[in-house]
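What follows is a set of notes on a single structure, which appears directly below.
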Amino acid sequence: MSNLLSYKNYNGTVEYSMEDHCLFGKVIGLKSLLSYEGNSVQELEEDFKNVIDEYLQDCEERNVSPEQPYKGSFNVRISPDLHRTIAVYAFEQGKSLNATVEEALAEYIVKTNSTQ
């Protein structure tokens with residue numbers, strides 16, 4: 001079960017403020033701060049979608065490309081020993097390091113999701 005909202009390839013958090021007695025969240029994976037709130041789950045979801053739609057409309061009106069939360073590229077820091085082990089394994093399999101890591105991550109996610 002996920003505590004994220006999803007709409008048009010954007011994801012947002014779901015949080016609760018005891019002080020304000022409301023639900024709130026922000027879109028993740030962007031440099032821009034896009035936040036939303038609501039007094040019910042339905043209101044929160046509606047405001048989340050409205051924020052995304054308004055952001056995309058604003059980008060279109062200003063003739064700028066909207067930020068994409070997941071570009072398919074990220075840096076991961078690992079130990080030199082693990083780096084060497086993966087690089088050797090990739091070479092032995094006739095694959096690139098990127099392809100090997102992508103395959104390992106995909107397999108891990110499938111395995112993790114199947115045990116939940």
Quiz prompt | Hydrophobic cluster identity match, I78 and L97, side-chain contacts under 4.5 Å | solution = yes
Quiz item: What closest approach, in Å, do S96 and A90 show between heavy atoms, and which atom pair accounts for it?
Solution: O-CB, 3.8 Å
Quiz prompt | Shared hydrophobic cluster, I109 / F74 (ILVMFWY, side-chain heavy atoms < 4.5 Å) | solution = no
Exercise. In sequence, state the C-alpha distance, the side-chain angles, and the governing distance for L4 and V14, and then conclude on side-chain contact (heavy atoms from CB on, under 4.5 Å).
Key: CA-CA 6 Å; L4 292 177; V14 176; over 6 Å; no
Quiz item: Does a salt bridge link E103 with K95, judged by any charged N lying under 4.0 Å from a carboxylate O?
Solution: yes
Quiz prompt | Co-membership, hydrophobic cluster, residues I86 and Y89, 4.5 Å side-chain | solution = no
Quiz item: Measuring from E46:CD to S40:OG, what's the distance to the nearest 0.5 Å?
Solution: 7.0 Å
Self-check item: More than 12 heavy atoms from other groups under 6.0 Å of CD on E60
Solution: no
Quiz item: Would N9 and Y70 count as having a side-chain donor-acceptor pair, cut-off 3.5 Å?
Solution: no
Quiz item: Atom CD of E37 and atom CG of L23: how far apart are they, to the nearest 0.5 Å?
Solution: 9.5 Å
Quiz prompt | Partners meeting side chain to side chain contact (heavy atoms under 4.5 Å, CB included) with V27 (sequence neighbours left out) | solution = Y10, L30, L34, Y36, F48, I52
Quiz item: Measuring from D53:CG to D58:CG, what's the distance to the nearest 0.5 Å?
Solution: 12.5 Å
Quiz item: Would you say Q93 and T100 make side-chain contact, with heavy atoms under 4.5 Å?
Solution: no
Practice problem: For atom CZ of F91, decide whether the heavy atoms of other residues, nucleotides or ligands shown that lie under 6.0 angstrom number more than 12. | Solution: no
Practice problem: Start with the C-alpha gap between E43 and D47, add the side-chain angles, then the distance that decides, and say whether side-chain contact (heavy atoms from CB on, under 4.5 Å) holds. | Solution: CA-CA 6 Å; E43 283 183 16; D47 199 34; over 6 Å; no
Quiz prompt | Reported CG-to-CG distance for the pair N3 and N11, which is rounded to 0.5 angstrom | solution = 12.0 Å
Quiz item: Which atom names give the shortest non-hydrogen contact between S17 and F24, and what distance separates them?
Solution: N-CE2, 3.7 Å
Quiz item: Looking only at atom types and distance, does a side-chain atom of E45 sit under 3.5 Å from a main-chain N or O of L5, one as donor and one as acceptor?
Solution: no
Quiz item: To the nearest 0.5 Å, how far apart are OG in S35 and CD in E15?
Solution: 11.0 Å
Exercise. Tell me whether V101 is reachable from L82 by hopping between hydrophobic residues (I, L, V, M, F, W, Y) whose side-chain heavy atoms are closer than 4.5 Å.
Key: yes
Quiz item: Would the number of heavy atoms belonging to other residues, nucleotides or ligands and lying under 6.0 Å from CD of E102 be above 12?
Solution: no
Practice problem: Calculate, to the nearest 0.5 Å, the distance between atoms CD and CZ belonging to Q57 and R62 respectively. | Solution: 12.0 Å
Self-check item: Check: E67 main-chain N/O paired with Y55 side-chain donor or acceptor under 3.5 Å
Solution: yes
Quiz item: With sequence neighbours excluded, what pairs up with E107 under the side chain to side chain contact (heavy atoms under 4.5 Å, CB included) test?
Solution: none
